[in-house]
Amino acid sequence: MTQSIFACVEKKPDDPILGLNEAFKTDPRENKVNLSIGVYCTEEGNIPLLNVVALTEQKLLDKKEAHAYIPISGLPQYCSGVQKLLFGEGSEVIASKRATTIQSLGGTGALKLGADFLSTILDNPTAVVSAPTWQNHVAIFESAGFTVGSYAYYNKEQGCIDFPAMVASLEGLKENTVVILHACCHNPTGFDLTTEEWAKVIEICKTRKLIPFLDIAYQGFGNGLEEDTEAVRLFAKSGLQFFVSSSFSKNFSLYGERVGALTAVCADEAEAARVLTNLKSAARANYSNPPKHGAAIVATVLNDPQLLAQWHEDLRQMRVRIKEMRTALVKALKEIGASKDFSFIEKQNGMFSFTGLTADQVQRLKDEFGVYAVKSGRICVASLNTKNVEYTAKAIKEVIK
């Protein structure tokens with residue numbers, strides 16, 4: 001027999017987050033807690049089917065529509081709904097048609113489409129991510145041919161954003177560097193910039209001629225659907241050209257449907273039209289057409305006032321529960337006499353908390369207590385509930401002794 005063509009293939013390591021999730025599934029301990037993967041769970045520990053999604057799916061089922069291909073750019077009513085959600089009714093970028101949106105395979109797919117497109121128009125493409133960031137940001141841009149660096153963001157010792165260091169980092173970047181920014185609910189730290197800090201970032205992007213790429217994967221989980229778009233809308237008013245990757249995995253609990261969008265804000269309508277043809281070309285060469293079902297759910301909700309109101313309520317309930325779990329964890333840690341002050345957890349936004357735990361402490365949580373977290377110390381607060389929060393607090397107390 002001839003040698004296999006795959007003989008030279010080396011094994012790749014498991015994804016650090018999805019690999020933990022698989023290990024959790026096979027863990028036989030009854031009191032195990034999975035705080036590693038970024039999904040919202042109910043008090044009962046289940047991924048919910050939102051009321052608004054159930055209502056909308058029934059509406060779509062009653063229509064008995066065929067499962068035909070949809071346009072490469074996605075459902076038109078979906079793309080227009082995404083723009084209204086990001087920029088608001090009556091936004092100048094919508095009215096002037098200088099924003100163009102293409103449906104993507106989740107927020108990850110939106111980032112990849114944007115990275116692939118930018119790599120074709122930039123010489124020696126370079127991108128920077130926050131330190132720390134969602135690790136897949138690095139992998140996506142590297143796979144598109146970018147050299148990926150980082151900019152200062154978080155001071156782990158003080159448990160807060162180091163904005164002066166961030167400013168210094170951004171001011172030192174070369175022209176046309178792509179700057180990946182978390183629009184809200186920063187993953188993994190949970191700490192977001194203030195209005196004044198966003199204004200400074202925009203100023204730097206203008207003067208240094210940087211290319212902003214905003215990632216908004218958790219809209220509605222911070223302070224509300226409108227409130228969480230503050231950064232996006234500030235950039236829209238700035239006159240800059242920029243990208244926004246958005247996702248409905250979390251805020252619609254449509255994880256398996258892969259519903260996302262990439263929006264490019266351009267100089268004018270003609271430029272936006274040209275950019276869209278290039279994004280469609282990239283999508284065509286990759287997956288051809290996006291899936292319909294999840295996008296049809298989102299499009300229906302975004303364009304129906306009653307369903308939109310129901311979605312706001314569903315999101316409010318999820319947001320309130322996450323905040324309650326933050327408070328409960330901090331309270332439990334304080335009551336049992338943890339040697340560290342964890343009150344900063346209540347100041348964070350969204351699904352995640354950067355706890356400050358070391359990699360060794362995270363490993364002990366898993367090995368000794370069956371509490372799974374990412375080695376950076378990030379935990380998904382949205383996976384806590386009244387049944388596991390005290391156990392989690394006790395485990396944390398033990399590993400930080």
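Given the structure is predicted, the values throughout are model-derived calculations rather than measurements.
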Chemist: Looking at N278 and R274, would you say the former's side chain and the latter's main chain have a donor-acceptor pair under 3.5 Å?
Modeler: yes
Chemist: Salt bridge check: are E197 and K200 linked by an N-O gap of less than 4.0 Å?
Modeler: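 K200 and E197: not salt-bridged.
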Chemist: When you measure from the centre of the six-membered ring of F352, is the NZ or CZ of R378 under 6.0 Å away and within 45° of the axis?
Modeler: yes
Chemist: Does F24 offer a backbone N or O that forms a donor-acceptor pair with the side chain of K32 under 3.5 Å?
Modeler: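 A pair under 3.5 Å: yes.
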Chemist: Taking 4.0 angstrom as the limit, do R208 and E175 come out as a salt bridge?
Modeler: no
Chemist: Checking the side chain of Q241 only, and the main-chain atoms of G239 only, is there a donor and an acceptor separated by less than 3.5 Å?
Modeler: yes
Chemist: Is any side-chain heavy atom of V148 closer than 4.5 Å to one of V128?
Modeler: no
Chemist: In plain terms, say whether K112 and D116 are close enough for a salt bridge, that is, a side-chain N and a carboxylate O under 4.0 Å apart.
Modeler: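 Salt bridge between K112 and D116, a charged N being under 4.0 Å from a carboxylate O: yes.
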Chemist: Salt-bridged, R98 to E92, with N to O below 4.0 Å?
Modeler: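 Salt bridge present between R98 and E92.
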Chemist: Is there a donor-acceptor contact under 3.5 Å from the side chain of T355 to the main chain of G377?
Modeler: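 Yes; judged by distance alone, with no hydrogens or angles, the pair exists.
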Chemist: Can you tell me if R321 uses its side chain to pair, donor with acceptor, with the backbone of A382 under 3.5 Å?
Modeler: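 Yes: the side chain of R321 pairs with the backbone of A382.
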Chemist: Is the closest basic N to carboxylate O distance between R233 and E230 below 4.0 Å?
Modeler: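 A salt bridge is absent here (no side-chain N lies under 4.0 Å from a carboxylate O).
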Chemist: Suppose we call two aromatic rings close when their centres sit under 6.0 Å apart. Are F141 and F213 close by that rule?
Modeler: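 Yes, close enough.
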Chemist: Is the backbone N or O of I161 less than 3.5 Å from a side-chain atom of N155, with the two atoms forming a donor-acceptor pair by type?
Modeler: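 Pair absent, no side-chain N/O of N155 close to backbone of I161.
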Chemist: For the atom pair CD (E227) and CG (N349), what is the distance rounded to the nearest 0.5 Å?
Modeler: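 E227 atom CD to N349 atom CG measures 11.0 Å (nearest 0.5 Å).
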Chemist: How about H137 and D215: does a side-chain donor come under 3.5 Å of a side-chain acceptor?
Modeler: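 Per modelled atom types, H137 and D215 side chains form a pair under 3.5 Å.
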Chemist: Are any non-hydrogen side-chain atoms of L308 and L302 less than 4.5 angstrom apart?
Modeler: yes
Chemist: What's the spacing between F221 CZ and R319 CZ if we round to 0.5 Å?
Modeler: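 Going from the CZ atom of F221 to the CZ atom of R319 covers 9.0 Å.
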Chemist: Measuring from I140:CD1 to W134:CH2, what's the distance to the nearest 0.5 Å?
Modeler: 4.5 Å
Chemist: Hey, are R364 and E398 close enough for a salt bridge, meaning a charged N less than 4.0 Å from a carboxylate O?
Modeler: no
Chemist: Check whether any side-chain N or O of S169 sits under 3.5 Å from a backbone N or O of A152 as a donor-acceptor pair, and report yes or no.
Modeler: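 It does hold such a pair.
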Chemist: Is it true that a side-chain atom of N46 and a backbone atom of P48 form a donor plus acceptor pair closer than 3.5 Å?
Modeler: no
Chemist: Determine whether the aromatic ring centres of H186 and Y154 lie less than 6.0 Å apart.
Modeler: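 No; Y154 has its ring centre 6.0 Å or more from that of H186.
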Chemist: Do K334's NZ or CZ and the ring of F342 fall within the cation-pi criteria of under 6.0 Å and 45°?
Modeler: no
Chemist: Is the backbone N or O of V52 less than 3.5 Å from a side-chain atom of D314, with the two atoms forming a donor-acceptor pair by type?
Modeler: yes
Chemist: Would E203 and K206 pass as an ion pair if we require N to O under 4.0 Å?
Modeler: no
Chemist: Thinking salt bridges, do E346 and K323 make one under a 4.0 Å N-O criterion?
Modeler: no
Chemist: Spell out, as yes or no, whether a donor-acceptor pair under 3.5 Å connects the side chain of Q219 to the backbone of L225.
Modeler: yes
